[in-house]
Amino acid sequence: MAAPKVAVVGAGVVGLSTALCVAETFPACSLAVVAEQFTPNTTSDVAAGMLIPHTTPGTPIHVQKQWFKETFTYLFAISNSVEAAEAGTHFVSGWQVFKSTPKEELPFWSDVVLGFRPMSEAELQKFPQHSCGQAFTTLKCDCPPYLLWLEKRLKAKGVQMYTRKVANLWELQSEYNIVVNCAGIGAHQLVGDQKLFPVRGQVLKVHAPWVKNFIRDGDGLTYIYPGIHSVTLGGTREKESWSLSPNPNTTKDIFDRCCALEPSLQRAQDIKVKVGLRPSRACVRLQREILSQGGAKLLVVHNYGHGSGGFSMHRGTAKEAAHLVGECIAALQDFSSRAKL
Ligand SMILES: Cc1cc2nc3c(=O)[nH]c(=O)nc-3n(C[C@H](O)[C@H](O)[C@H](O)COP(=O)(O)OP(=O)(O)OC[C@H]3O[C@@H](n4cnc5c(N)ncnc54)[C@H](O)[C@@H]3O)c2cc1C
């Protein structure tokens, strides 16, 4: 059988990392990334890129923990290598603060991040409105540099990149044996997934290089995440809103909320407003599917619906998607040997 041809639809963090896992696991495949938008125009470019998972109801906790752990381990190694500056990955320490005792004393990811512990009384003096908190060190991606770094690694492995909107996965059937669907919120239209919905997020990217520690209000709505090039101030979570236009009232509200947590931000400069649509679902769709149409078959692997946790989970889900691509390759070999009988 000739080398399988695989197309990954999508060039956000999920598509690029999935393509990289496929290229690393099956180097004999001919691989292409096909996407309507590349960095800096994807939802992944808007994200803060913090490795703090959100719990999703439809996936067992041990699976979410496994995805997070694999992603953390992968980015830990990059952050600890000469690649760190170019990949835009770094360690960041800080505080998650609460006005009342959180329901969950120990989040499932507490033993994956580094040095997770309750905040001391002295630390809590910085947050007079809050009664308790947790301190830890995690990892963060500066998103556009990380996406560019993934693209560079893919190109070095001979992966082709095509800018193209795919209206229907069958369009790719004449050129590819396997299609991997990493279209993010685009999967709503591309495969008609009614369980997938947008959760709009508005953030500010500001210049405030003196802010070195992250601060996250326990409900996760207000946050200050320092990166290499800017500090991300958030945020909003607006379910079912498809609007990509920044709302000036929301900008003011985010800025005020963040200044209440970190008053020095009043001196922040060069404020840029960004909006993105989190591809949300009760669970990530990580699944193999065989589509049939008039006797023709198309092997598809879905990997989308990462909601608020695309960066936190990307490497773990990419590895699982690559495993499903391996099952598709085995099925192709089976079809081809049966055809010869
Ligand atoms: C404000 C905000 C802050 C966030 N902060 C964090 C954070 O700190 N940590 C974290 O883990 N997560 C965070 N997230 C969530 C994270 O951004 C997403 O989970 C992640 O970006 C999803 O990645 P993706 O690759 O699935 O989607 P996208 O980045 O949206 O990529 C989808 C790709 O598919 C392509 N595509 C779609 N439809 C088609 C089509 N029909 N044909 C061809 N191409 C198509 C698009 O052009 C694009 O290339 C945040 C999100 C927002 C909005």
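Keep in mind that this is a model prediction, so the values were computed, not measured. All ligand and atom numbering here is 1-based and tracks the order in the structure.
At the top of the distance list for atom 21 (O) of ligand 1, counting protein heavy atoms only, stands Ser44 OG, 2.8 Å. Scanning the protein for heavy atoms near atom 10 (C) of ligand 1, the closest one is Ser308 O, 3.3 Å. Among all non-hydrogen protein atoms, the one lying nearest atom 22 (C) of ligand 1 is Pro279 CG, 3.9 Å. Closest to atom 24 (P) of ligand 1 among all protein heavy atoms lies Val14 CG2, 3.7 Å. For atom 27 (O) of ligand 1, the nearest non-hydrogen atom of the protein is Gly184 CA, 3.7 Å. Distance from atom 37 (C) of ligand 1 to its nearest protein heavy atom, with residue and atom name: Ala183 O, 3.2 Å. Shortest contact from atom 50 (C) of ligand 1 to any protein heavy atom: Ala47 CB, 3.6 Å. For atom 42 (N) of ligand 1, the closest non-hydrogen atom on the protein side is Val166 N, 2.8 Å.
Residue-to-ligand polar distances keep Gly201 apart from ligand 1: every N/O pair is separated by 3.5 Å or more. Looking at ligand 1, you'll find an N or O of Ala48 within less than 3.5 Å of one of its N or O atoms. The shortest N or O to N or O distance between Val199 and ligand 1 is not below 3.5 Å. Annotation: Ser312 places an N or O atom under 3.5 Å from an N or O atom of ligand 1; distance criterion only. Between Gly307 and ligand 1, at least one N/O pair is under 3.5 Å apart. Taking distance alone, with nitrogen or oxygen atoms compared against 3.5 Å, Lys165 stays at or beyond that limit from ligand 1. The shortest N or O to N or O distance between Tyr223 and ligand 1 is not under 3.5 Å. For Val34, no nitrogen or oxygen atom sits less than 3.5 Å from a nitrogen or oxygen atom of ligand 1, counting backbone and side chain alike. Considering backbone and side-chain atoms alike, Val203 places every N or O at 3.5 Å or more from each N or O of ligand 1.
Residue-environment remark: CD (Gln129) stays at or below the threshold of 12 foreign heavy atoms within 6.0 Å.
A donor-acceptor pair is defined here as one N or O able to donate and one able to accept, closer than 3.5 Å; no such pair exists between the side chain of Arg285 and the backbone of Asp193.
Under a 4.0 Å criterion applied to the non-hydrogen atoms of Gly276, ligand 1 contributes the atoms 53 (C). Of all atoms in ligand 1, numbered sequentially from 1 with element shown, those under 4.0 Å from a heavy atom of Gly186 are 37 (C), 38 (N). Near Met50, the atoms of ligand 1 lying under 4.0 angstrom from a non-hydrogen atom of the residue are 7 (C), 8 (O), 9 (N), 10 (C), 11 (O). Close contacts of ligand 1 with Phe311, meaning ligand atoms under 4.0 Å from a residue heavy atom, involve 10 (C), 11 (O), 12 (N). Annotation for ligand 1: atoms under 4.0 Å from non-hydrogen atoms of Ala11 are 33 (C), 48 (C), 49 (O). Applying the 4.0 Å criterion to heavy atoms of Cys182 picks out, from ligand 1, the atoms 32 (C), 33 (C), 34 (O). Distances below 4.0 Å separate heavy atoms of Thr42 from the following atoms of ligand 1: 29 (O), 49 (O). Ligand-side atoms of ligand 1 in range of Val13: 23 (O), 25 (O), range being under 4.0 angstrom from any heavy atom.
At least one heavy atom of Arg164 sits less than 4.0 Å from an atom of ligand 1. Close to ligand 1: Gly49, with a non-hydrogen atom less than 4.0 angstrom away. Not close to ligand 1: Ile185, with no non-hydrogen atom less than 4.0 angstrom away.
Remark: Arg257 does not engage Asp217 in a salt bridge, criterion side-chain N to carboxylate O under 4.0 Å. Taking the charged nitrogens against the carboxylate oxygens, Asp142 and Lys205 have no contact shorter than 4.0 Å, which rules out a salt bridge. With salt bridges taken as basic N to acidic carboxylate O contacts below 4.0 Å, none links Lys152 and Glu83.
Val46 is connected to Trp149 through a chain of hydrophobic side-chain contacts under 4.5 Å among Ile, Leu, Val, Met, Phe, Trp and Tyr, so both are in one cluster.
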Next item on the list: Let me see the working for Val180 and Val6 under side-chain contact (heavy atoms from CB on, under 4.5 Å), right down to the final yes or no.
Entry: CA-CA 7 Å; Val180 188; Val6 182; 3.9 Å; yes
Next item on the list: Report the C-alpha separation of Gln66 and Glu70 in whole Å, then their side-chain angles, then the decisive distance to 0.1 Å, and conclude whether the side chain to side chain donor-acceptor pair (under 3.5 Å) test is met.
Entry: CA-CA 6 Å; Gln66 180 67 19; Glu70 281 172 353; 2.8 Å; yes
Next item on the list: Could you give me the CA-CA distance, side-chain angles and deciding distance for Leu124 and Trp95, then say whether side-chain contact (heavy atoms from CB on, under 4.5 Å) is met?
Entry: CA-CA 9 Å; Leu124 278 165; Trp95 305 283; over 6 Å; no
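For the atom pair Ser280 OG and Arg200 CZ, the distance stands at 13.5 Å (nearest 0.5 Å). Between the CG atom in Asp111 and the CG atom in Leu106 there is a gap of 8.5 Å [rounded to 0.5 Å].
Between Phe214 and Phe136, the ring-plane angle classifies as tilted under the 30° and 60° cut-offs.
Checked options His229, His90, His314; the residue passing with Tyr146 is His314 (criterion: ring pair (Phe, Tyr, Trp, His ring centres under 6.0 Å)).
Using a 4.5 Å heavy-atom threshold, the side chains of Asn213 and Pro226 count as separate. Looking only at side-chain heavy atoms (C-beta outward), Ile224 and Val231 come within less than 4.5 Å of each other.
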What donor-acceptor contacts under 3.5 angstrom involve side-chain atoms of residues 318-325, with partners at least two apart or in another chain?
unit_1	atom_1	unit_2	atom_2	d
Glu320	OE1	Trp67	NE1	2.8
His323	NE2	Glu327	OE2	3.4

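Checking Gly10, Ala167, Gly12 against atom 31 (O) of ligand 1, the nearest heavy atom belongs to Gly12. If you check each of Gln202, Arg278, Gln189 against atom 2 (C) of ligand 1, the one with the closest non-hydrogen atom is Arg278.
No donor-acceptor contact under 3.5 angstrom links the side chains of Asp253 and Thr250, judged on distance only.
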